[in-house]
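So the structure is just underneath, and the comments pick up after that.
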Amino acid sequence: MEKTYNPKEFEERLYNDWEQSGYFKAVRDDDKVPFTVIMPPPNVTGQLHMGHAVDETMQDTIIRFKRMQGYCALWLPGTDHAAIATEVKVVNELAERGIKKDDLTREQFLEHCWNWKNRYGERIVNQLKKLGSSCDWSRIAFTMDDRCSKAVREVFVNLYNKGLIYRGARLINWCPGCRTAISDAEVEYEEENSYLWYIKYFIEGSDSEGLVVATTRPETMFGDTAVAVNPADERYKKYIGKNVILPIINKPVPVVGDEHADMAFGTGCVKITPAHDPNDFEVGKRHNLESVTVMNGDGTMNGFAGKYAGMDRYACRKAVAEELKILGNLIKTEPHTHNVGHCYRCHSAVEPRVSKQWFVKMEPLAKPAIGAVNDRKVTFVPERFAKIYYNWMDNVKDWCISRQLWWGHRIPVWYCKDCGKEICLKDDPAVCPECGGKNLTRDEDVLDTWFSSALWPFSTLGFPEDTSDLEYFYPTDVLVTGYDIIFFWVARMIFSGLEHMRKVPFRDVLIHGLVRDEQGRKMSKSLGNGVDPLDVIDKYGADSLRFSLLQGVAPGNDMRYSDSKVEACRNFMNKIWNASRYVIMNCEGRTIKSVTGFKLTHADKWIISRLQAAIRDVTLALNKFELGIACQIMYDFMWSDFCDWYIELTKAALYSEDGERKDNAVSVLLFVLENALKLLHPFVPFITDEIYRSLPHTTGSIMVSDFPRYNSKLAYKKEAAAFGGVMEIIKAVREIKVETGCAPSKKVNVYFVSDNKRLITTNAEYIARLAGCGNVKNINSKDDLDERCVAKVTGVGTLYIPTGELVDADKERERLNAELDKVTGEIRRADGKLNNTGFIAKAPKQLVDAERAKLEKFREMREKILEQLKNL
RNA sequence: GGGGGCAUAGCUCAGUUGGUUAGAGCGUUUGCUUGACAUGCAAAAGGUCGCAGAUUCGAGUUCUGCUGUUCCCACCA
């Protein structure tokens, strides 16, 4: 083995081997319990970012754990066509090449899209592989492949036939940048500084009397079809029923009384533009007002804006305000901040607009979906995210699913030109089923990308076919995703699963946070602060990156990425590497035995006991999806217990001349290392397998080995506790050396006055080696020593180190006094606790006894320290 | 307007049924070429766990209020 950990030498080789060996493939096995994870499909818009890296690492860790535990573990990968997002990218790319989308036919454009998809889809797969993802590539899916398309068609037609999909003219969110409708969930609101324009609309027939409306959007006045006042507003009551005249175009519109007008806001009069404002749309419906759309799809004004036709909406806003000022209708303007909706993809300001679109009726679907979470058929981890889900589901409005795009699932509806019939069928119709006419045209629009993602947990498993896989692997077990797509995706999968499969799509939803940069900012293209996972893998290795994304992270919390964190993890990998190197080097020529086949030393029992605790705790943590805690347990076990302590302890045996002793030591080392590697494998698959294959007694890959099981026979609780005393002694000697300025290399003699003489004699060699001692001996009392000594009180007994004249009495007194303070504090604390009658009466007996024992120990220590001080 | 999150060592964060002397990494100080590893070893300094109450024998952990910060949802033109 190389002296330092060099992941580049083996990561790719191992991944290829895993893949070729078929370890990733999940085939239905009725003797096994299935465990299914469906990968949230990354968009084929580009490459994976740090957020994906977290998501994939968590899934891979879980699936590897379950696979080793003996489940039939399926992790099904795939990618998403991301309708609007990809189309925007392709349009931009074409524009760079001087090609306009409008100049292409639908078919030509789609060809470009598929090219894009193939390019980026492949790239994403390679990135996933670099991360070590153990997904079943033979099942890779794409939201627009034949299988998924079939599912989409089936679902659309079923919902249509049930009346849950309908078409209608509604006020929807229109993105002038993407020139398509978008759903409520796709709108992001941002606070903007703007103005409130106060405009006077004269009463019909009067050139002085009028109503002043306050508006943030003067350019929409061409679409005003009323002015509303609150019916209870004494100031304006009398005008209800009269007309006011829209300036510039001199059009009369009625004054209506409507609760929507807030008497306290602005002037109390509000202009009503049903075609361009959701509230006004409602007012319009109540008063049967005309709806006048004044803009084109690209955000320019249309013919209703008269001379402003063709002008951009913002330019028009300025121009209208200017003209109103000249006309004398503009009373005043005042600064005003308000929230403006933006498209989550292209960031243009969204235009509310009346338009004919397709919708999914949400109420009947939402109800059971809320119930499923209520009944805990689906559980959010952490649970607080259920609230976010409820909040959205409880208030959900009908879902606008049509998009004026080309890239996506085309809506399966045809219109008969002869009889006007609307046709929605599972197979493309050749003739109109109503009149037999052949004059059919298909709806031009495509579906919201989330319509197909909503079916992902079952469309990927064969739906609508009743496949064996679907029966075996569905419902899936856990969905791992970020909190930012609970509305977009998680919620929609839940109601879709219930509606089309009659079963929830997954049992647990494991939510993680966002990866931020070192300063806590969101990683984004515009800030240029994104970190490419591939760069990190290139520099530190995939295992280091994986570990850094899991360690010290609480579920659902955002995390900060920092190079130093990955570096620390790389150091841990190096530690694992070198510890293994040590073990393997010492195996040469040795006989490996079962750890139950010979007499174990105290130290052996201690490390085996620690290993059992690690097995128990890691398994528990993983079952609860507490990946961060599990990592921490392994980090501490590996570095502190195994490397810092146990490996050092084995050197006594391994550098001795006793062959059997060496065999024993190596056997325990191997046993612990092998188990530790297995425990670590789900987190850091590459390094653990690379080492595992080098171990002298293993065959095959660690990824298909059995996950360790807790064995209570190997827990050795008593022995482990006793050995803790030896460790305490070693630390005490080291401490004295540092405090007295004694060179670490200088071998000092240590004498003990202890009740447990055997513990000292048995482990004298360890104490001598790890603390740098000459003689390590028991004595009956301090009086047996002639020399001047430094003393230290430990839980096992008092130790004395003769230091001759080297030690300064004042310094020693200072040290002892410090220790006295510490112990006295402990006595005070324990004493207080035990004097509390409530504690004695109500606390568990075990705890009270432990506290009593502690108090006793500290009291003894105190006596001994006082004695030391006196002797000085 | 409604609902969350966070507030613990200089920095970044763990701390999940309330119960050892509150932990880690990075940074800092001191000392070490100890035969796996200087991507290392040993030792150490550093915390009234945001504030005020409450519950409890016992609170970093539960509850209430407050302050700061941050996010989500809704959105008055």
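The figures that follow rest on heavy atoms only: side chains count, while hydrogens, waters and symmetry mates do not. Below, read A as the first sequence line, B as the second, and so on, with proteins coming before strands; counting in each chain starts at 1.
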Q) Strictly by modelled atom types, are A/Thr220 and A/Lys271 linked by a side-chain donor-acceptor pair under 3.5 Å? A) yes
Q. Is there a donor in the side chain of A/Tyr582 and an acceptor in the side chain of A/Thr650, or the other way round, less than 3.5 Å apart?
A. yes
Q | Results of salt bridge (Lys or Arg N to Asp or Glu O under 4.0 Å) for A/Glu351 - residues two or more places apart only | A | A/Arg217, A/Arg313
Q: Between A/Asn836 and A/Asn574, just flag the one whose closest nucleotide in RNA chain B comes earlier from the 5' side.
A: A/Asn574
(Q) By the 4.0 Å heavy-atom rule, please label A/His260 as base, sugar-phosphate, or nothing. (A) base
Q. Taking only residues two or more places apart in sequence, or in another chain, which ones meet A/Phe683 in a ring-ring contact (aromatic ring centres under 6.0 Å, His included)?
A. none
Q: Classify the nucleic acid contact of A/Tyr561 as base, sugar-phosphate or nothing, counting any heavy atom under 4.0 Å across all strands shown.
A: nothing
Q. Salt bridge (Lys or Arg N to Asp or Glu O under 4.0 Å) with A/Lys332: which residues, sequence neighbours excluded?
A. A/Glu334
Q. With distance as the sole criterion, is a donor-acceptor pair present between the side chains of A/Asn193 and A/Thr337 under 3.5 Å?
A. no
**Q.** Nearest-neighbour nucleotide for the A/Lys624 side chain, B/rU16, B/rA74, B/rU39 considered
**A.** B/rU16
Q) Can you tell me if A/Asp644 and A/Tyr646 form a side-chain donor-acceptor pair at under 3.5 Å? A) no
Q. Using a cut-off of 4.0 Å on non-hydrogen atoms, how would the nucleic acid contact of A/Pro278 be classed: base, sugar-phosphate, or nothing?
A. nothing
Enumerate all atom pairs, one protein N or O and one N or O from nucleotides 8-13 of chain B, separated by less than 3.5 Å.
unit_1, atom_1, unit_2, atom_2, d
B/rU12, O3', A/Arg560, NE, 3.2
B/rC13, OP1, A/Arg560, NE, 2.7
B/rC13, O2', A/Gly552, O, 2.7

Q | Set of residues satisfying salt bridge (Lys or Arg N to Asp or Glu O under 4.0 Å) with respect to A/Glu648, sequence neighbours excluded | A | A/Lys651
**Q.** Nearest-nucleotide pick for A/Arg570, side chain only, options being B/rU39, B/rU16, B/rA77
**A.** B/rU39
Q. Using a cut-off of 4.0 Å on non-hydrogen atoms, how would the nucleic acid contact of A/Trp639 be classed: base, sugar-phosphate, or nothing?
A. sugar-phosphate
Q) Quick one: does A/Arg852's side chain have a donor or acceptor within less than 3.5 Å of a partner on A/Val848's backbone? A) no
Q: Check RNA chain B against residues 220-227 of chain A and give the residues with a non-hydrogen atom under 4.0 Å, in numerical order.
A: none
Q: Please check if the side chain of A/Asn230 supplies one atom and the backbone of A/Ala261 the other of a donor-acceptor pair under 3.5 Å.
A: yes
Q | Pair A/Tyr344 + A/Phe488: ring centers closer than 6.0 Å | A | yes
(Q) Mind checking if A/Thr216 touches a base, just sugar-phosphate, or nothing, with heavy atoms under 4.0 Å? (A) sugar-phosphate
Q: Return yes if a side-chain donor-acceptor contact under 3.5 Å exists between A/Tyr483 and A/Asp558, otherwise no.
A: yes
Q. Which part of the nucleic acid, if any, lies within reach of A/Lys731 when heavy atoms closer than 4.0 Å are counted: base, sugar-phosphate only, or nothing?
A. sugar-phosphate
Q) Reckon A/Ala261 touches a base, only the sugar-phosphate, or nothing at all at heavy-atom distances under 4.0 Å? A) base
Q | Side chain of A/Phe487 (C-beta onward), nearest among B/rU39, B/rG19, B/rC72 | A | B/rC72
Q.
For a quick check of understanding: with a heavy-atom distance under 4.0 Å over all strands, which category does A/Ile584 fall into, base, sugar-phosphate or nothing?
A. nothing
Q: Any chance you could encode RNA chain B as dot-bracket? Rule is Watson-Crick or G-U wobble with both distances under 3.5 Å; [ ] for pairs crossing earlier ones, | for another strand.
A: (((((((..((((.....[...)))).(((((.......))))).....(((((..]....))))))))))))....
**Q.** From B/rA77, B/rG19, B/rU16, nucleotide with atom closest to A/Asp262 side chain
**A.** B/rA77
Q. With respect to the side chain of A/His336, which nucleotide from B/rG5, B/rA77, B/rA43 is positioned closest?
A. B/rA77
(Q) Using a heavy-atom cut-off of 4.0 Å across all strands, would you classify A/Leu847 as base, sugar-phosphate, or nothing? (A) base
Q) Going by an N to O cut-off under 4.0 Å, is there a salt bridge joining A/Lys624 and A/Asp508? A) no
Q | A/Met50, A/Lys522, A/Met559 screened by side-chain contact (heavy atoms from CB on, under 4.5 Å) with A/Leu514, the one that passes | A | A/Lys522
Q) Counting any heavy atom closer than 4.0 Å, what does A/Lys522 reach on the DNA or RNA strands: base, sugar-phosphate only, or nothing? A) nothing
Q | First of A/Ala568 and A/Ala185 reached from the 5' end of RNA chain B, by closest nucleotide | A | A/Ala568
(Q) Between A/Arg286 and A/Asp258, does any NZ, NE, NH1 or NH2 come within less than 4.0 Å of an OD or OE carboxylate oxygen? (A) yes
**Q.** Nearest to side-chain heavy atoms of A/Asn391, which nucleotide of B/rG19, B/rA77, B/rC73
**A.** B/rC73
**Q.** salt bridge (charged side-chain N to carboxylate O under 4.0 Å, His left out): pairs with one or both residues in residues 541-557 of chain A, sequence neighbours excluded
**A.** A/Asp60-A/Arg546
Anything under 3.5 Å between a protein N or O and an N or O of nucleotides 67-69 of chain B, put it in a table, one pair a line.
none

Considering only nitrogen or oxygen atoms on both sides, find all protein atoms under 3.5 Å from nucleotides 27-36 of chain B and state each distance.
unit_1, atom_1, unit_2, atom_2, d
B/rA36, OP1, A/Lys651, NZ, 3.1
B/rA36, OP2, A/Tyr655, OH, 2.3
B/rA36, O3', A/Arg581, NH2, 3.0
B/rA36, O2', A/Asn578, OD1, 2.5
B/rA36, O2', A/Arg581, NE, 3.2
B/rA36, O2', A/Arg581, NH2, 2.4
B/rA36, N7, A/Lys651, NZ, 3.4
B/rA36, N6, A/Cys643, O, 3.3
B/rA36, N6, A/Glu648, OE2, 3.1
B/rA36, N3, A/Asn578, O, 3.2
B/rA36, N3, A/Ala579, N, 3.2

Q: Could you tell me which residues satisfy side chain to side chain donor-acceptor pair (under 3.5 Å) with A/Glu588, sequence neighbours excluded, listed by chain and number?
A: none
Q.
Under 4.0 Å, counting only non-hydrogen atoms across every strand here, what does A/Gly268 touch: a base, just sugar-phosphate, or nothing?
A. base
Q: Just grab all the salt bridge (charged side-chain N to carboxylate O under 4.0 Å, His left out) pairs involving residues 725-745 of chain A, residues at least two apart or on different chains.
A: A/Glu735-A/Lys792, A/Glu739-A/Arg815
Q. Counting side-chain heavy atoms from CB outward, which of B/rG4, B/rC75, B/rA43 is closest to A/Lys387?
A. B/rG4
